[in-house]
Amino acid sequence: MRQAEISRDTLETKIRVRLDLDGSGKSHLNTGIGFFDHMLDQIARHGCFDIEIECAGDLHIDGHHTVEDVGIALGQAFAKAVGDKKGLTRYGHAYVPLDEALSRVVVDLSGRPGLEFDIPFTAGMIGALDTQLVYEFFQGFVNHALVSLHIDNLKGCNAHHQCETAFKAFGRALRMAATPDPRQAGVIPSTKGAL
């Protein structure tokens with residue numbers, strides 16, 4: 001049962017996340033930021049994860065706390081769902097195009113948080129999402145999922161396309177990394193014997 005449920009309540013946000021790593025790509029998302037919900041749906045659909053996220057955040061201030069805290073809570077859920085990582089592939093990667101845009105994402109379920117992020121967004125806002133917050137989402141996820149993550153937008157001049165290719169590639173890379181490897185059943189995928 002590779003599932004997890006996380007509740008995170010602060011003075012800035014109240015969040016509930018449910019995650020099933022062995023789902024079919026279904027999502028129920030309500031963060032109050034439409035384009036952010038659209039991006040979270042890309043993770044579910046292309047990762048083949050079932051994801052439910054309900055967030056009531058202080059959007060009267062701005063979207064920062066909502067986007068960052070959803071990243072934190074989703075990262076916590078992912079860490080809980082993968083458990084001790086025995087038998088997992090561990091590494092995942094994906095290239096995803098959308099018209100003129102192309103992004104590459106590489107992930108390692110290393111147990112060590114690290115983010116390398118290079119998306120030169122061509123616009124400051126996509127709908128109601130401040131593009132600066134995309135980094136904050138992934139940083140929150142990385143810090144709490146304990147993964148190493150590289151995200152590079154290799155081409156693109158439309159900010160919507162740049163962002164969407166990154167989230168789609170993230171979902172596909174995460175799916176690859178979290179997929180059980182039948183040749184390594186019951187084995188920690190590390191020469192150290194621990195992740």
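When all heavy atoms of A173 and V107 are compared, the closest pair comes out as O-CG1, 3.5 Å. A177 approaches L88 most closely through the heavy-atom pair O-CB, 3.8 Å. When every heavy atom of A101 is checked against every heavy atom of H161, the shortest pair comes out as CB-CB, 3.6 Å. Residues L133 and V67 share a closest heavy-atom pair of O-CG1, 3.4 Å. Closest approach of L19 and A81 over heavy atoms only: CD2-CB, 4.3 Å. Closest of all the heavy-atom pairs between K85 and L146 is NZ-O, 4.2 Å.
Counting heavy atoms of neighbouring residues, nucleotides and ligands inside a 6.0 Å radius, atom OH of Y95 does not exceed 12 of them. Counting non-hydrogen atoms of other residues, nucleotides and ligands closer than 6.0 Å to CG of L11 gives a total of 12 or fewer. For NE2 of H93, the number of neighbouring non-hydrogen atoms (other residues, nucleotides, ligands) closer than 6.0 Å is 12 at most.
Contact annotation: the side chain of E52 approaches that of R16 to within less than 4.5 Å [non-hydrogen atoms, C-beta and beyond]. Counting only heavy atoms from C-beta outward, the side chains of F49 and L74 never approach each other to under 4.5 Å. Contact of the S190 side chain with the R90 side chain is registered, since non-hydrogen atoms from C-beta on lie closer than 4.5 Å. For the pair V134/C163, a side-chain contact is recorded, criterion being any heavy-atom separation below 4.5 Å from C-beta on. Counting only heavy atoms from C-beta outward, the side chains of L149 and V105 approach each other to under 4.5 Å.
Cluster membership check: L115 does not share its hydrophobic cluster with Y91, using side-chain heavy-atom separations under 4.5 Å among Ile, Leu, Val, Met, Phe, Trp and Tyr. Under a hydrophobic clustering in which Ile, Leu, Val, Met, Phe, Trp and Tyr are joined whenever their side-chain heavy atoms come within less than 4.5 Å, directly or via other members, F117 and I43 fall into the same cluster. Residues F137 and L59 are members of one and the same hydrophobic cluster, defined by side-chain heavy-atom contacts under 4.5 angstrom among Ile, Leu, Val, Met, Phe, Trp and Tyr. Linking ILVMFWY residues whenever their side-chain heavy atoms come closer than 4.5 Å, directly or via other members, leaves I119 and V96 in distinct clusters. Under the 4.5 Å side-chain heavy-atom criterion for grouping Ile, Leu, Val, Met, Phe, Trp and Tyr, I72 is not connected to F78 through any hydrophobic cluster.
Looking at T131, its side chain does come within 3.5 Å of a backbone N or O of A123 through a donor-acceptor pair. In terms of modelled atom types and a separation under 3.5 Å, the side chain of S148 and the main chain of R112 share a donor-acceptor contact. Using modelled atom types, one side-chain atom of Q162 and one backbone atom of P120 make a donor-acceptor pair closer than 3.5 Å. Under the 3.5 Å distance criterion, the side-chain polar atoms of D58 are left unmatched by any main-chain donor or acceptor of I61. At least one donor-acceptor pair under 3.5 Å links the side chain of T122 to the backbone N or O of C157. When atom types are taken as modelled, the side chain of D118 and the backbone of N153 share no donor-acceptor pair closer than 3.5 angstrom. The backbone N or O of A94 lies less than 3.5 Å from no partner atom in the side chain of R172, so there is not a single donor-acceptor pair.
Screening residues 22-50 for salt bridge (charged side-chain N to carboxylate O under 4.0 Å, His left out) gives R2-D22 as the qualifying pairs, with residues at least two apart or on separate chains.
Ion pairing of K155 with E100 is absent here, as no side-chain N (NZ or NE/NH1/NH2) approaches a carboxylate O to less than 4.0 Å.
Qualifying salt bridge (Lys or Arg N to Asp or Glu O under 4.0 Å) partners for R104, counting only residues two or more places apart in sequence or in other chains: D152.
The aromatic rings of F170 and F141 sit perpendicular to each other, their planes meeting at more than 60°, with 30° as the lower class boundary.
Ring centroids of F35 and H160 are separated by less than 6.0 Å, placing the two rings close together. A ring-centre distance under 6.0 Å is not found for F167 and F36.
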Query - Check against side chain to side chain contact (heavy atoms under 4.5 Å, CB included), D99 and N158 - result: CA-CA 9 Å; D99 295 344; N158 179 292; over 6 Å; no

Query raised in the report: What's the verdict on side chain to side chain contact (heavy atoms under 4.5 Å, CB included) for I33 and T66, showing C-alpha distance, side-chain angles and the deciding distance?
Result: CA-CA 9 Å; I33 303 173; T66 292; 4.2 Å; yes

Query - side chain to side chain contact (heavy atoms under 4.5 Å, CB included) between H28 and R18, worked out - result: CA-CA 10 Å; H28 175 80; R18 294 184 67 189; over 6 Å; no

Requested in this report: Start with the C-alpha gap between T31 and L29, add the side-chain angles, then the distance that decides, and say whether side chain to side chain contact (heavy atoms under 4.5 Å, CB included) holds.
Outcome: CA-CA 6 Å; T31 66; L29 307 160; 5.6 Å; no

